[in-house]
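The structure appears below as structure tokens.
Just so you know, ligand 1 is whichever comes first in the structure, and atom 1 is the first atom listed for that ligand.
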Amino acid sequence: MKDIHIILAEIIDAAKECGKIMLLADRNDLKIKDKAGKANFVTEYDCKIQKIIEKKLADILPNAQFLGEEEDCKIDKNAEYIFVVDPVDGTTNFIKDYHMSCISIGLIRNGKRYLGVVHNPYLNETYHAISGEGAYLNGNRIHVSDDDLENSIVLFGSSPYNTELAKKSFELAYEYFQKCLDIRRSGSAALDLCAIAAGRAEIYFELILSPWDFAAGALIVEEAGGNVTTVDGRELPCLEKSSLIAKNK
Ligand code: IPD
Ligand code: CA
Ligand code: CA
């Protein structure tokens with residue numbers, strides 16, 4: 001197998017090429033379709049980027065399995081390598097031209113998070129981590145902050161496609177709001193995780209996420225010195241839906 005650092009560089013190039021596709025999208029013709037759940041959309045670009053990235057990743061690491069959001073992927077969960085990809089994390093933002101979306105690529109090796117790349121084309125920010133080697137933003141090492149709750153910004157996701165969780169999500173956000181500096185809701189779980197890793201915010205939680213939302217970002221937080229678990233403190237799975245809380249310490 002190729003050296004993991006060569007693989008990483010190739011994955012970052014692939015993510016950046018997909019980022020260009022997002023920036024150059026024909027905003028008059030996104031071909032938006034509804035998916036299951038409230039405000040759950042898919043555009044032609046989600047599907048197009050997924051097809052492109054799937055092909056590129058197959059060239060980069062031919063023996064890896066591929067799990068992506070926009071296709072019913074049948075994978076062998078026991079395979080040595082599994083890519084877990086969100087072609088556009090923050091689709092509603094993308095549709096609204098809100099400039100808060102990214103491409104998220106995680107690589108699982110033998111059932112553990114091994115590599116993660118998150119690319120935000122709007123800010124030209126690329127986060128990456130390899131297990132045991134630290135987390136980076138545009139090649140510079142990043143660390144979680146050491147601010148306590150009182151001096152924290154708390155991020156949360158509203159689990160928009162599972163409205164039965166909305167009340168609980170907002171109640172929890174309100175609890176944090178009373179104890180921290182302020183609350184944010186970005187619309188991209190992967191970028192929220194990267195914000196914790198970069199020390200821009202201290203806590204992020206969401207009551208249900210899919211594996212592609214956190215495959216890359218969870219590793220990036222851990223490699224930046226943070227802690228990621230389910231909301232009730234259990235180990236975060238790699239390939240299943242889960243609640244998630246990421247903390248600076
Ligand atoms: C969504 C975003 C959002 C989060 C949702 C995710 P999508 O992903 O990450 O911030 O609250 O839970 O599903 O649908 O834009 O790829
Ligand atoms: Ca997502
Ligand atoms: Ca998505």
Side-chain angles (χ1 to χ4, degrees), residues 15 18-19 21-22 25 30-54 66-73 83-106 116-122 127 153-170 172-173 183-197 200-201 203-218 220-221 228 230-231 236-246:
C18 292
I21 299 173
M22 277 169 70
L30 296 178
K31 298 197 174 66
I32 302 165
K33 286 190 202 139
D34 270 321
K35 295 207 290 187
K38 177 181 174 278
N40 192 1
F41 306 110
V42 59
T43 72
E44 187 183 50
Y45 288 91
D46 298 69
C47 302
K48 186 172 163 180
I49 291 173
Q50 176 154 323
K51 279 210 181 79
I52 292 170
I53 202 80
E54 183 173 2
F66 180 89
L67 176 65
E69 179 174 12
E70 305 307 344
E71 216 183 310
D72 193 11
C73 304
F83 281 113
V84 184
V85 172
D86 197 337
V88 178
D89 183 50
T91 292
T92 305
N93 287 343
F94 176 66
I95 291 170
K96 304 289 279 183
D97 206 16
Y98 191 74
H99 290 203
M100 185 63 83
S101 310
C102 63
I103 292 122
S104 172
I105 302 167
V117 170
V118 173
H119 176 63
N120 176 351
Y122 299 101
Y127 296 85
I153 289 185
V154 175
L155 316 177
F156 83 111
S158 52
S159 304
Y161 316 137
N162 294 76
T163 44
E164 72 283 3
L165 295 172
K167 194 159 182 279
K168 211 174 151 201
S169 303
F170 283 88
L172 194 52
I183 299 284
R184 306 277 184 270
R185 195 289 187 258
S186 76
S188 163
L191 290 178
D192 287 341
L193 286 162
C194 290
I196 303 301
R200 295 172 177 176
I203 296 177
Y204 161 62
F205 75 85
E206 185 145 0
L207 298 184
I208 188 94
L209 286 171
S210 293
W212 41 80
D213 297 318
F214 57 76
I220 293 170
V221 171
V228 190
T230 66
V231 164
L236 190 72
C238 286
L239 298 171
E240 276 85 46
K241 281 178 179 259
S242 177
S243 68
L244 180 153
I245 184 156

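The closest side-chain donor-acceptor pair between Asn93 and Ser101, if any, does not fall under 3.5 angstrom. Counting only N and O atoms by type, the side chains of Asp192 and Ser186 include a donor and acceptor under 3.5 Å apart. With hydrogens and angles left out, the side-chain atoms of Thr43 and Asp46 include a donor and acceptor closer than 3.5 Å.
Scanning all heavy atoms of the two residues, the minimum distance from Val118 to Leu191 falls at CG1-CD2, 3.9 Å.
Under a 3.5 Å cut-off, the side chain of Ser210 and the backbone N or O of Trp212 do not form any donor-acceptor pair.
Legend: residues meeting side-chain contact (heavy atoms from CB on, under 4.5 Å) with Lys31, ordered by chain and number and at least two apart, are Asp29, Glu44. Residues passing the salt bridge (Lys or Arg N to Asp or Glu O under 4.0 Å) test with Glu70, sequence neighbours excluded: Lys35.
The aromatic rings of His99 and Tyr122 sit parallel to each other, their planes meeting at less than 30°, with 60° as the upper class boundary.
Counting only protein N, O or S atoms, the number found under 3.0 Å from the Ca ion (ligand 3) is 3.
Enumerated by chain and number, the residues approaching ligand 1 to less than 4.0 Å through a heavy atom are Glu69, Asp86, Val88, Asp89, Gly90, Thr91, Pro160, Tyr161, Arg185, Gly187, Ser188, Ala189, Glu206, Leu209, Asp213.
At least one side-chain heavy atom of Phe214 sits under 4.5 Å from a side-chain heavy atom of Leu236.
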